[in-house]
Amino acid sequence: MTLQPAQKATDSSKALYGGKQSRRITVHDIAAAKERGEKWPMLTAYDAMTASVFDEAGIPAVLVGDSMGNCHLGYETTVPVTMDEMTLLSAAVVRGTKRALVVGDLPFGAYQEGPVQALRNATRLVKEAGVGAVKLEGGERSLAQTELIVQSGIPVMSHLGLTPQSVNTMGYRVQGRSDEAAHKLIRDAKAAQDAGAFAVVLELVPAELAAEVTRSLHIPTIGIGAGPDTDAQVLVWTDMAGLTGGKVPRFTKQYANLRQTLGDAAKAFADDVAGGAFPAEEHSFH
Ligand code: KIV
């Protein structure tokens, strides 16, 4: 069927990215985008100001990832991140955004004990920080947690493939390469969907496997190092903007060089202060 121009305009006005509506995005909008076959972007954020930039740029979903451990709080991994830290920074991101769906991560130790602990911490993120959804790692192993949180009225995003909270057992490497591991990933994705998850992050899995998972689910997949065929793509913002120091993962594309820009700005300020050029007359009061 060929769409008439008016219908096309209506459809594009609903788009998650580039659409016209300005109210906050919900998980229903995310589901509708999957039905339309729309691809959409997600970025992490850990503070209100950065989140407001992404919101104004039209990013429809912002993840307050536990990557804040490495990218914001100076830890070596995501493992030490606490619920207090997650709640504080999630609240900042919610305050900095008007339109984006804000997803708060449940950090390591916040849901592994079982469904009741998971619900308690998910509830905290909704009530104290105001997030619209939570994310947790694991498919079958987090099934009971996902079910109880969803049944209690909180949307859950599942995270499969490389799950950084398991770095001590899993390491950082591509997941799902063997037939057995691929079947397990597909089972996990279906289990997450059946438990009520509204989306599944696929981290560091072969592109063909991510494509197969995407085809087999009615909820969207969000890829990071999972090739081009997932419904959405997520990047850690400091990697995307070139702020992360040292080596960045191969799957990241760097869209700016903020580390250089900020460093240059800091040096220019320092030179001005040392040389007496700042503050000048226009920066002074009399
Ligand atoms: O914590 C995080 O930023 C994440 C993304 C990498 C998906 O989980």
Side-chain angles (χ1 to χ4, degrees), residues 30 40-47 50-51 54 59-83 85-90 92-93 100-112 121-122 125 129 131 133-139 142 145-146 155-167 170-176 185 188-189 192 197-205 210 213-214 219-227 230-241 243-244 247-254:
I30 303 276
W40 49 275
M42 178 162 89
L43 283 171
T44 66
Y46 318 110
D47 68 277
T50 312
F54 299 156
I59 299 294
V62 173
L63 171 66
V64 192
D66 61 1
S67 52
M68 69 171 60
N70 331 45
C71 303
H72 193 74
L73 297 172
Y75 298 137
E76 275 193 16
T77 70
T78 63
V79 171
V81 174
T82 65
M83 271 305 296
E85 289 162 341
M86 184 55 72
T87 307
L88 185 78
L89 302 195
S90 296
V93 168
L101 170 71
V102 177
V103 182
D105 234 345
L106 287 177
F108 182 63
Y111 60 96
Q112 282 83 356
N121 285 318
L125 281 185
V131 302
V134 300
K135 176 167 85 58
L136 52 75
E137 294 184 0
S142 302
Q145 285 90 330
T146 302
V156 172
M157 179 179 282
S158 169
H159 185 154
L160 304 175
L162 181 99
T163 47
Q165 291 175 10
S166 305
V167 59
M170 203 178 236
Y172 287 111
R173 57 171 183 272
V174 178
Q175 302 294 306
L185 187 85
D188 274 336
F198 74 95
V200 178
V201 170
L202 298 176
E203 179 164 357
L204 220 52
V205 302
V213 173
T214 302
I219 58 172
T221 55
I222 305 167
I224 174 160
T230 53
D231 298 293
Q233 295 288 333
V234 59
L235 284 178
V236 168
W237 91 262
T238 52
D239 294 346
M240 178 282 298
L243 185 60
T244 309
K247 206 167 165 267
V248 290
R250 180 162 80 86
F251 57 74
T252 278
K253 182 168 172 185
Q254 203 173 300

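Sequential numbering from 1 along the given sequence is applied to the chain's residues. Atoms within a ligand are numbered from 1 in the order they appear, just like the ligands themselves.
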Between [X] and ligand 1, does any nitrogen or oxygen pair lie at a separation below 3.5 Å?
X	result
Tyr46	no
Ser67	yes
Asp66	yes

Would a distance-only check, ignoring hydrogens and angles, find a side-chain to backbone donor-acceptor pair under 3.5 Å from [X] to [Y]?
X	Y	answer
Tyr111	Glu137	yes
Ser90	Ala129	no
Thr44	Val236	no
Thr214	Thr221	no
Thr163	Gln165	no
Asp105	Asp66	yes

Requested in this report: Tell me, please, which residues at least two apart from Glu85 pass side chain to side chain donor-acceptor pair (under 3.5 Å).
Outcome: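 Partners of Glu85 by the side chain to side chain donor-acceptor pair (under 3.5 Å) criterion, ordered by chain and then number, come out as Tyr75, Thr82.
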Which of the atoms of ligand 1 are close to [X], meaning less than 4.0 Å from one of its heavy atoms?
X	answer
Gly65	1 (O), 2 (C), 3 (O)
Asp105	1 (O), 8 (O)
Thr44	3 (O)

Query raised in the report: Are Met68 and ligand 1 in contact, using a heavy-atom cut-off of under 4.0 Å?
Result: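 The answer is no: ligand 1 sits nowhere under 4.0 Å from a heavy atom of Met68.
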Report task. Check each heavy atom of Ile224 against ligand 1 and say whether those closer than 4.0 Å belong to the side chain, the backbone, both or neither. Result ->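 Looking at Ile224 and ligand 1, just side chain atoms fall under 4.0 Å.
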**Report entry** Ile222 contact mode with ligand 1 (heavy-atom cut-off under 4.0 Å)
**Finding:**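 Under 4.0 Å from ligand 1, Ile222 contributes no heavy atoms.
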Query - Nearest neighbour in protein (non-hydrogen) for atom 4 (C) of ligand 1 - result: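 Checked against all protein heavy atoms, atom 4 (C) of ligand 1 sits closest to Leu63 CD2, 3.6 Å.
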Report task. Look at atom 8 (O) of ligand 1 and say which protein heavy atom is nearest, naming residue and atom and giving the distance to 0.1 Å. Result ->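 Sorting protein heavy atoms by distance from atom 8 (O) of ligand 1 puts Lys135 NZ, 2.9 Å first.
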Query raised in the report: Nearest 0.5 Å, what's the CG-CD distance between Leu204 and Gln175?
Result: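 Answer rounded to 0.5 Å: 7.0 Å.
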